[in-house]
Number of protein chains: 4
Amino acid sequence: MLDEAISKRKRTRIQTVNREAILQAALSVFSAYGYRGATLDEIAEKAGMSKPNLLYYFPRKKSLYVAVLEETLAQWLAPLAAMKADGDPADELSRYIDAKIAMSRDNPAASRLFASEILQGGGAITEFLHGPLKAIVDEKSRIIADWIAAGRLRPVDPRHLIFMIWATTQHYADFDVQVRAVLASDDEGRFKHASETIRRVVLEGLLPR
Amino acid sequence: MLDEAISKRKRTRIQTVNREAILQAALSVFSAYGYRGATLDEIAEKAGMSKPNLLYYFPRKKSLYVAVLEETLAQWLAPLAAMKADGDPADELSRYIDAKIAMSRDNPAASRLFASEILQGGGAITEFLHGPLKAIVDEKSRIIADWIAAGRLRPVDPRHLIFMIWATTQHYADFDVQVRAVLASDDEGRFKHASETIRRVVLEGLLPR
Amino acid sequence: MLDEAISKRKRTRIQTVNREAILQAALSVFSAYGYRGATLDEIAEKAGMSKPNLLYYFPRKKSLYVAVLEETLAQWLAPLAAMKADGDPADELSRYIDAKIAMSRDNPAASRLFASEILQGGGAITEFLHGPLKAIVDEKSRIIADWIAAGRLRPVDPRHLIFMIWATTQHYADFDVQVRAVLASDDEGRFKHASETIRRVVLEGLLPR
Amino acid sequence: MLDEAISKRKRTRIQTVNREAILQAALSVFSAYGYRGATLDEIAEKAGMSKPNLLYYFPRKKSLYVAVLEETLAQWLAPLAAMKADGDPADELSRYIDAKIAMSRDNPAASRLFASEILQGGGAITEFLHGPLKAIVDEKSRIIADWIAAGRLRPVDPRHLIFMIWATTQHYADFDVQVRAVLASDDEGRFKHASETIRRVVLEGLLPR
DNA sequence: CATGAATGAGCGTTCATTCAT
DNA sequence: AATGAATGAACGCTCATTCAT
């Protein structure tokens, strides 16, 4: 009875550990080569298991891709969701920029997976883009518009401002190779400098004088 | 004798026409699926010829990819190269932003191809990144630094400023699907709005008061 | 001690029940797709158990196949074995035809499995074909030959007569789909009509005038 | 110009030769193992070419199967179609039986393919079974019924009579292994004996006295 | 220049079988 | 007696590339 419980727990742990290993391997491969360019062979090898065993956990390539994407999308939305209407515009924008830069630094593969999916047409996340993503951008755009109306921010199209923040912060994950090539090769402070530069330009450009 | 010459000229013209058709088809396919995800079948069909004939012009997939990339890189560099030391900082930055937005609007596939290559690690353009690209960024960074030293621009890390402009302008090509989903679906003025927003924020943020 | 005995009995009963379920499932799948076309997955699902558990009872696909075949062969032989030398030829042939038609009606899968195995070359039942089957056919052929010699049956090659009966009766199981398509679609009396037709033609053709 | 024509002819011949080789190989493999049990590897090897080259001619397994089936069905129907209303019943039935036995002798694989398809449910030929096949059986049944009405044949259900002829004649192709095992092993006259036996039983059983 | 024919390597996926529990 | 986890081999099919013409 007890044995059985332990054995079941052990089994569950194995399953969880393997699922995590697979998702991580899949993230790294899908993000680098896109859906079509990625191969299960490479993912399986990175996850340290045979291809059929990988398919035991995710029975098709597509379902694995979707699983990885879903995890990524949730992470991706979180920082924007945290932007509060009743906060100080400078603080809120600053915090958002920092959070996004932190994501680029700490989980660049997630950013690249998202970029790759969009580059390739976004077919797998059409619903996400037109649903939750558009909804939250609409909501936060209203907040920014209110700040502008209240004179707490200089006039700017809120959606394009959000695009600017997305683009500039994600650039350090998605275009990492280019960034490294242009900067002194082992500039480990690049994320801090990036964050400062973006915050400075955006805030100086938008805060009232 | 004369016939032969005419025939040679004809052949050459055919060759040129076909090369162009192939490069265009290849650009659209490589940019949509990445190097590994693209297939010669799809490119050949888009170029209106058989696969063996395509391989007559570019004997391997890689060489076709490199040829497309090289065309793209040259285009990509041109606007930055046009930034002049003796111009007005506001004009020069403004013009650069506009030129890059125009590229995103008029040739989004080129932008996406470049993004895709970098996402995949940039192995095919390592030399370009560390050579001509780094060189020109270094050169233009010196110009910006001079502007700052002369008090014509507020202090900012020149390289990260350049990254900001790249990121924000290319975003409208690379993330087109996302941009369309977030904006009112048929917002045909998005490139103009983008250009205005970016210029406003960057210039207001950086021009001396 | 007693507990153990009960438990052993219980285990045995379970084993028997499961074996039956497996054999039945296997019969339906093997007969539908042939040995190579059948999958253990499908058999296990039909038998209501996991694939490894199925393999606990029959450790390889082949051994399961052979087990099902053997059950089928025994059934298959029984009616012919029942043909008696001292009976009336008309009665004996009539009874044999009826018994075979009944088999086709009541257990068409068995007939199809046998047909499938023979179609595939009969490798799994070579010994059966050249051993018991040939022996019983030889024996019954002698009976028929005696009937002919005694003037109770008109001259006919006994073996080919047996083939005729096999072929015509099994046809209603093996070619069921075709038979249904040709007849009015829900002709439920087809087995009775078949039996009558075969008996009439064979007996009228062979009984002395 | 002439060269071109020759070359085109050569190419066409190659194609035809290969198609024939493939169809023949496919017939032998599909007829032995059924659709699911057959493998392209085996067919390709038998046809003397690589698997991708086989798929160059028939781009999917299913299309190859359908091609083989269609050839077979046409052959299969021909003898029945030849049965004439204004002929003598004895002659017509006799000729039909002979023609079918000849098919079993000369192209047993075709017969087996058909049997295999029907055994496995006939999904690929549903339309054939309910369309042309049923139509021709209906037509010929009417002829037989007319013979009976005219007193030229004793009463019998025409459709079941046709089934009898099908079953008995095809038996020598479909159950060849069994037939060989039961008969003296190298009985090369089995087709002649079969034909005689079937004709005798059927005609004696059905012709008026 | 152009293409039909051909193939080795590899793709996503299935399958019979094994192992540990 | 039963099953989750695992895998080598093979399956149908695709791909970049070659060859002959």
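Note that this is a predicted model, so its numbers are computed, not measured. Sequence lines set the chain letters: A, B, ... in the order given, protein chains first and strands last, and positions in each chain run from 1.
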*Asks:* How would you list, by chain and number, every residue that makes a side chain to side chain donor-acceptor pair (under 3.5 Å) with A:Thr72, sequence neighbours excluded?
*Replies:* none
*Asks:* Rounded to whole Å, please give me the gap between CG in A:Leu64 and P in E:dC11.
*Replies:* 15 Å
*Asks:* For D:Gln75, which residues count as a side chain to side chain contact (heavy atoms under 4.5 Å, CB included) partner, sequence neighbours excluded?
*Replies:*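 Listed in chain order: D:Asn107, D:Ala110.
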*Asks:* Rounded to whole Å, please give me the gap between CZ in D:Arg19 and C1' in E:dG4.
*Replies:*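 Taking atom C1' of E:dG4 as the reference, CZ of D:Arg19 is at 15 Å.
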*Asks:* Could you spell out the base pairing of DNA chain E as a dot-bracket line? Use Watson-Crick and G-U wobble contacts where both distances are under 3.5 Å, [ ] for crossing pairs, | for partners on a different strand.
*Replies:* .||||||||||||||||||||
*Asks:* So which of residues 38-60 of chain B are in contact with DNA chain E, with a heavy-atom cut-off of under 4.0 Å?
*Replies:*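 Result for residues 38-60 of chain B: B:Ser50, B:Pro52, B:Asn53, B:Tyr56, B:Tyr57, sorted by number.
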*Asks:* In whole Å, what is the span from the NZ atom of A:Lys61 to the P atom of F:dC13?
*Replies:* 18 Å
*Asks:* Which donor-acceptor pairs under 3.5 Å do side chains of residues 112-121 of chain B form with protein atoms, sequence neighbours excluded?
*Replies:*
residue  : atom : partner  : partner atom : Å
B:Arg112 : NE   : B:Ala173 : O            : 3.1
B:Arg112 : NH2  : B:Ala173 : O            : 3.3
B:Ser116 : OG   : B:Gln120 : NE2          : 3.2
B:Glu117 : OE1  : B:Tyr65  : OH           : 2.5
B:Glu117 : OE2  : B:Gly123 : N            : 3.2
B:Glu117 : OE2  : B:Ala124 : N            : 2.8

*Asks:* Residues two or more places apart in sequence or in another chain: which of them pass side chain to side chain contact (heavy atoms under 4.5 Å, CB included) with B:Gln24?
*Replies:* none
*Asks:* When the distance from CZ of A:Arg36 to C1' of F:dT14 is rounded to whole Å, what number comes out?
*Replies:*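 Whole-Å distance recorded here is 11 Å.
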*Asks:* Please give, in whole Å, the distance from E:dG12 P to A:Phe30 CZ?
*Replies:* 8 Å
*Asks:* With sequence neighbours excluded, what pairs up with D:Arg36 under the salt bridge (charged side-chain N to carboxylate O under 4.0 Å, His left out) test?
*Replies:* C:Glu42
*Asks:* Just jot down the side chain to side chain donor-acceptor pair (under 3.5 Å) partners of D:Glu70, sequence neighbours excluded, or say none.
*Replies:*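 Not a single residue meets the side chain to side chain donor-acceptor pair (under 3.5 Å) criterion with D:Glu70.
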*Asks:* Respond yes when some side-chain nitrogen or oxygen of A:Asn18 is under 4.0 Å from OP1 or OP2 of F:dG4, and no when none is.
*Replies:* no
*Asks:* For the pair C:Ile43 and C:Phe30, evaluate side chain to side chain contact (heavy atoms under 4.5 Å, CB included) and give the outcome as yes or no after the intermediate values.
*Replies:* CA-CA 9 Å; C:Ile43 296 171; C:Phe30 281 130; 3.9 Å; yes
*Asks:* Using salt bridge (charged side-chain N to carboxylate O under 4.0 Å, His left out) as the criterion, list what pairs up with C:Lys51, not counting sequence neighbours.
*Replies:* C:Asp41
